[in-house]
**Student:** 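The structure that follows is given in the form of structure tokens.
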Amino acid sequence: MEQLDFNRKLSEMLDRIADMLSVDERGTVRFEVRAYRKAALSIAELDEDVRRVYRDGGQGALMEIPGIGAGISRSIIEYIERGRMRKYEMLKRRYPIDFESLTRIEGLGPKRVVSLYRLLGVKDVAGLRAALDKHRIRGLKGFGERSEEAIGRGISMLESARGRALLGDALPDAEFIVDKLRASGLAERVEIAGSIRRMQETIGDIDILAASSRQEEVMDVFSKLDSVESVILRGSTKTSVRLRNGMNCDLRVIEPDSFGAALQYFTGNKYHNVSVRKIAIKRGYKLNEYGLFNRSGKDMARSRDERWIYNRLGMDYIPPEMREDRGEIGLALKHGISDPVELGDLRGDMHTHTRDSDGMNSIEEMAEAAIRSGLEYFATTNHTKSLRIANGMNERGFAEYFKRVDALNDRMNGRIRVIKGAEVDILKDGSLDLSRKSLESMECVVASVHSSFNMDERRMTDRIVKAMDSGLVHILGHPTGRLIFKRDGYPIDLDRIGEAAERDGVAIEINSFPDRLDLCDTNIMYISKYKIRFAIDSDAHSVKHFSNLRYGVGTARRGWLTKDRILNCNEIKRLRLGR
DNA sequence: GCCGTTTTCGGCCCGACTGTTTTCAGTCG
């Protein structure tokens, strides 16, 4: 975490520079803004600490990074060596505004943010909220009543995110801490518990459990981690800290004999745990974080093993992701729990991008990364022409691109198989953004909505069903279009989507991007009553994004899906992507 | 400010949508 913290901070500064420059962009500044955005993205995607790149290779090595040239590399060096960047500070003096939070509000970009600052002195979300409450915004030039309402909604979305993080941010941070605790050698076991272990899509705080008899020493190591900002409370069994990333993290240290019981106790959501404890009572036991006891309070068994506890209560073991009290307990009592899909069951990925549209890497680099991720095949599915911003490709572009894919497949000699496809836009009227002939030539067509989000449920569903009924589509991409903490999905009728998927043999995507996770767990549970398959896709826009697949798998597990429901758990010859 | 099978200057993904306007600015993707 800490090594990439620097990259993250640098990337944010470059993005802020882009924000501030964009306020009075004219002439070539327009392109300067774009250059800073690209540089910011490039730094954020970098696997290596920028400081290390510079140390090992000097300015020349920095300029090797795509989007970093003479100017920005000078600024980076200045920041590495002096901890400051003059260009940033100069602009910041002119605009002392919290762009970071304000521009996260849907419908507010840098220009309107600056306009609110100049006209009303709004510097942050609190100031915006105050101006909003006094209805001071609707009178401003360029704003009206509807803008005011939209901003109000945006603030509410942002506030609902306060103190919460995406699973995709919280899990790596938690793993970093777990690794450090394990490396200390003081604990027999260290595991993540709580909502992260359940792979919930957003996380309030990080829960970690350690089995050790050397509690004080473990707590010492934990409180002194670099990622810890301050210690909130410190005891021998529980310590709470505030992390530099803004999240709280609890560490509980348990006697090794009780570890299984504790893990069970600190994993399920409240309702799951209450139900399991009721079952224990019914069977004459008492269950707590230390073990399973008989009614007299006599020690039945401290437990090193969660599974033992469930079995002792006459239940199947329940995977962490299912512990939400959504019917899993009844099922476990009837011994009806089926093992949900695991990351290792995935053999391929049906949705990825390259720099030929809006990805960061070449198809060759993506292929190598897919191999490293243990995949046997993946579909390359670049955007189609109407998505200009994403450099969408036309029919001819795809034809030429596929020649290169063919050549790559030849060279790969079976190490991996690249499937030729596209993520085709579902246009406003439900038609697809490439010719029938072009789409028919592809092995995998993912169809997604990227525009005109504000249709009502009936029209949006009509639009999507029409696309599915075209006979050209294999997978419906990110079916609701939601972006966690940013916008709700467009409304769709899941029953009609499910019926169409069944009728047309279209698989429903579970998009693994941390801010999408779309379909989400509850919608998966709902729609899985139809005889349909799902595709767990990375939607990778860079080689790093294959690692997001675990979030899609976690979501599928939360939706109780077994591997036989997942399209890309099949070996390639059994994919049956026929039309 | 970056970049180069258009190569050291002169390009740089731009159209749709919304809400504000009455011809367009800002935002999004």
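Residue numbering restarts at 1 for every chain, and letters A, B, ... go by the order of the sequence lines.
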**Student:** For a quick test of your reading: what N or O donor-acceptor pairs under 3.5 Å do the side chains of residues 54-63 of chain A make, sequence neighbours left out?
**Tutor:**
| residue | atom | partner | partner atom | Å |
| --- | --- | --- | --- | --- |
| A:Tyr54 | OH | A:Glu81 | OE2 | 2.9 |
| A:Gln59 | NE2 | A:Ser73 | OG | 2.9 |

**Student:** Among pairs that include at least one residue of residues 104-149 of chain A, which meet ring pair (Phe, Tyr, Trp, His ring centres under 6.0 Å), considering only residues two or more places apart or in two chains?
**Tutor:**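 For residues 104-149 of chain A, and leaving out neighbouring residues, there are no ring pair (Phe, Tyr, Trp, His ring centres under 6.0 Å) pairs at all.
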
**Student:** Do any of residues 70-80 of chain A sit with a heavy atom less than 4.0 Å from DNA chain B, and if so which?
**Tutor:**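 The stretch gives A:Ala70, A:Gly71, A:Ile72 as the residues lying under 4.0 Å from the strand, ordered by number.
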
**Student:** Going by the rule side-chain hydrogen bond (donor to acceptor under 3.5 Å, both in side chains), which residues pair with A:Glu499 if we only count those two or more places apart in sequence or in a different chain?
**Tutor:**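 Counting only residues at least two positions away or on another chain, A:Glu499 forms no side-chain hydrogen bond (donor to acceptor under 3.5 Å, both in side chains).
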
**Student:** Partners of A:Glu145 by side chain to side chain contact (heavy atoms under 4.5 Å, CB included), sequence neighbours excluded?
**Tutor:**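 Only A:Arg138, A:Glu149 meet the side chain to side chain contact (heavy atoms under 4.5 Å, CB included) criterion with A:Glu145.
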
**Student:** When you check every protein heavy atom under 4.0 Å of nucleotides 23-29 of chain B, what one-letter string (B, S, -) results, 5' to 3'?
**Tutor:** ---SSSB

**Student:** Could you pull out all residues at least two apart from A:Arg550 that satisfy side chain to side chain contact (heavy atoms under 4.5 Å, CB included)?
**Tutor:**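 Partners of A:Arg550 by the side chain to side chain contact (heavy atoms under 4.5 Å, CB included) criterion, ordered by chain and then number, come out as A:Leu171, A:Pro172, A:Glu175, A:Leu343.
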
**Student:** Please list all pairs meeting salt bridge (Lys or Arg N to Asp or Glu O under 4.0 Å) that have one or both residues in residues 392-407 of chain A, counting only residues at least two apart or in different chains.
**Tutor:**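 For residues 392-407 of chain A, and leaving out neighbouring residues, the salt bridge (Lys or Arg N to Asp or Glu O under 4.0 Å) pairs sorted by first residue read A:Asp356-A:Arg404, A:Lys385-A:Glu395, A:Arg396-A:Glu400, A:Asp406-A:Lys420.
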
**Student:** For A:Arg355, give me all partners under side chain to side chain contact (heavy atoms under 4.5 Å, CB included), at least two apart in sequence or on another chain.
**Tutor:**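 Testing A:Arg355 for side chain to side chain contact (heavy atoms under 4.5 Å, CB included), a comparison that skips the adjacent residues, returns A:Ser362, A:Glu365.
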
**Student:** Check nucleotides 9-12 of chain B against the protein and report each pair of N or O atoms closer than 3.5 Å, with its distance, or say if there are none.
**Tutor:**
none

**Student:** Please enumerate all residues that pass ring pair (Phe, Tyr, Trp, His ring centres under 6.0 Å) together with A:Phe453, with sequence neighbours excluded.
**Tutor:**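 A:Phe453: ring pair (Phe, Tyr, Trp, His ring centres under 6.0 Å) contacts with A:Tyr490.
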
**Student:** Got a sec, which residues hit side chain to side chain contact (heavy atoms under 4.5 Å, CB included) with A:Leu483, two or more places apart in sequence or on another chain?
**Tutor:**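 By the side chain to side chain contact (heavy atoms under 4.5 Å, CB included) rule, A:Leu483 matches A:Lys486, A:Arg487, A:Asp515, A:Arg516.
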
